[in-house]
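Some notes on the structure that comes next.
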Amino acid sequence: QKEVEQNSGPLSVPEGAIASLNCTYSDRGSQSFFWYRQYSGKSPELIMSIYSNGDKEDGRFTAQLNKASQYVSLLIRDSQPSDSATYLCAVESGGSYIPTFGRGTSLIVHP
Amino acid sequence: EAGVAQSPRYKIIEKRQSVAFWCNPISGHATLYWYQQILGQGPKLLIQFQNNGVVDDSQLPKDRFSAERLKGVDSTLKIQPAKLEDSAVYLCASRPSGRNTGELFFGEGSRLTVL
């Protein structure tokens with residue numbers, strides 16, 4: 001059973017701070033990693049994807065991947081109240097094209 | 001470009017009744033997924049189609065759930081008979097064919113309440 005683990009939170013940070021979201025996965029054959037944002041009552045939307053070890057930056061978002069430690073993280077710089085949402089980590093094994101989702105971490109950015 | 005369409009958005013039924021959900025993926029997207037998302041949990045895959053063939057239905061409760069994808073386009077997910085624990089949002093998602101295409105495009109979901 002492929003597992004993706006996330007702390008459910010909530011993670012509360014002040015506006016302007018860095019929010020750090022973490023995810024671990026069980027399948028060493030995993031090759032594709034995604035972070036989705038899900039606002040309450042809405043469907044998930046992709047914010048970052050990462051496929052190789054290291055960091056990938058896109059605006060205020062940085063995804064970090066460490067395959068040896070089976071760990072992927074998302075950093076949100078200069079957090080805004082509009083970033084308040086649930087962040088879902090999704091992991092895909094090579095060739096399966098089936099993302100397995102974690103339970104999500106609830107992020108609250110307070111003014 | 002039109003997104004993934006799902007209907008109905010909301011459905012309330014009593015246990016042991018049946019329900020069907022419909023999904024129309026983005027035009028040209030060969031891969032279609034149905035996920036179940038229970039409140040407070042992440043989406044859980046029910047079934048994946050590639051064109052009109054089933055790729056993975058290992059987590060689909062086949063005694064009560066069924067799904068089909070007619071002509072490799074629209075898809076229908078049916079539950080019969082429904083149980084209380086089926087209360088969830090049913091998300092349809094699609095993705096173009098190809099390696100590392102990454103993003104799943106989700107519909108707005110169909111929220112089911114079983115009383």
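Below, read A as the first sequence line, B as the second, and so on, with proteins coming before strands; counting in each chain starts at 1.
Connection of B:Ile38 to B:Leu84 is not established within any shared hydrophobic cluster, with ILVMFWY side chains joined at heavy-atom distances below 4.5 Å, either directly or through further cluster members. Taking hydrophobic clusters as Ile, Leu, Val, Met, Phe, Trp and Tyr residues chained together by side-chain heavy-atom distances below 4.5 Å, B:Ile26 does not share a cluster with B:Phe21. Connection of A:Phe34 to A:Ile98 is established within a shared hydrophobic cluster, with ILVMFWY side chains joined at heavy-atom distances below 4.5 Å, either directly or through further cluster members. With hydrophobic clusters built from ILVMFWY side chains whose heavy atoms lie under 4.5 angstrom apart, B:Leu46 does not share a cluster with A:Leu88.
Chosen from B:Pro43, B:Gly40, B:Gly109, the residue pairing most often with chain A at heavy-atom distances under 4.5 Å is B:Pro43. When A:Glu45, A:Lys42, A:Gln38 are compared by the number of non-hydrogen pairs under 4.5 Å with chain B, A:Gln38 comes out ahead. Listed options A:Ser43, A:Ser49, A:Ser106 were ranked by heavy-atom pairs under 4.5 angstrom with chain B; first place goes to A:Ser43.
Interface residue B:Gln37: only side-chain heavy atoms are found under 4.5 Å from chain A. Using a 4.5 Å cut-off between heavy atoms, A:Phe33 makes no contact with chain B at all. Heavy atoms of B:Tyr33 lying under 4.5 Å from chain A belong exclusively to its side chain.
Listed by chain and residue number, nothing satisfies the ring pair (Phe, Tyr, Trp, His ring centres under 6.0 Å) test with A:Tyr87 (two or more places apart in sequence, or in another chain). Contacts of A:Asn22 classified as side chain to side chain contact (heavy atoms under 4.5 Å, CB included), with partners at least two apart in sequence or in another chain: A:Ser20, A:Tyr71, A:Ser73.
Residue B:Lys62 places its NZ atom among more than 12 non-hydrogen atoms of other residues, nucleotides or ligands, all under 6.0 Å distant. Other residues, nucleotides and ligands contribute at most 12 non-hydrogen atoms within 6.0 Å of the CZ atom of B:Arg111.
Between A:Glu3 and B:Lys44 there is no salt bridge, since no side-chain nitrogen of the basic residue lies less than 4.0 Å from a carboxylate oxygen of the acidic one.
Residues A:Ser8 and B:Gln41 have side chains not in contact (no heavy-atom distance under 4.5 Å, counting atoms from C-beta outward). Proximity of A:Pro44 to B:Phe105: side-chain heavy atoms (C-beta onward) are nowhere separated by under 4.5 Å. At least one side-chain heavy atom of B:Leu104 sits less than 4.5 Å from a side-chain heavy atom of A:Tyr36.
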(request) Evaluate the criterion side-chain contact (heavy atoms from CB on, under 4.5 Å) for residue pair A:Phe101 and B:Leu45; output intermediate values, then yes/no. (result) CA-CA 9 Å; A:Phe101 285 84; B:Leu45 180 75; over 6 Å; no
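Taken to the nearest 0.5 Å, the OH atom of B:Tyr35 stands 6.5 Å off from the OG1 atom of A:Thr100.
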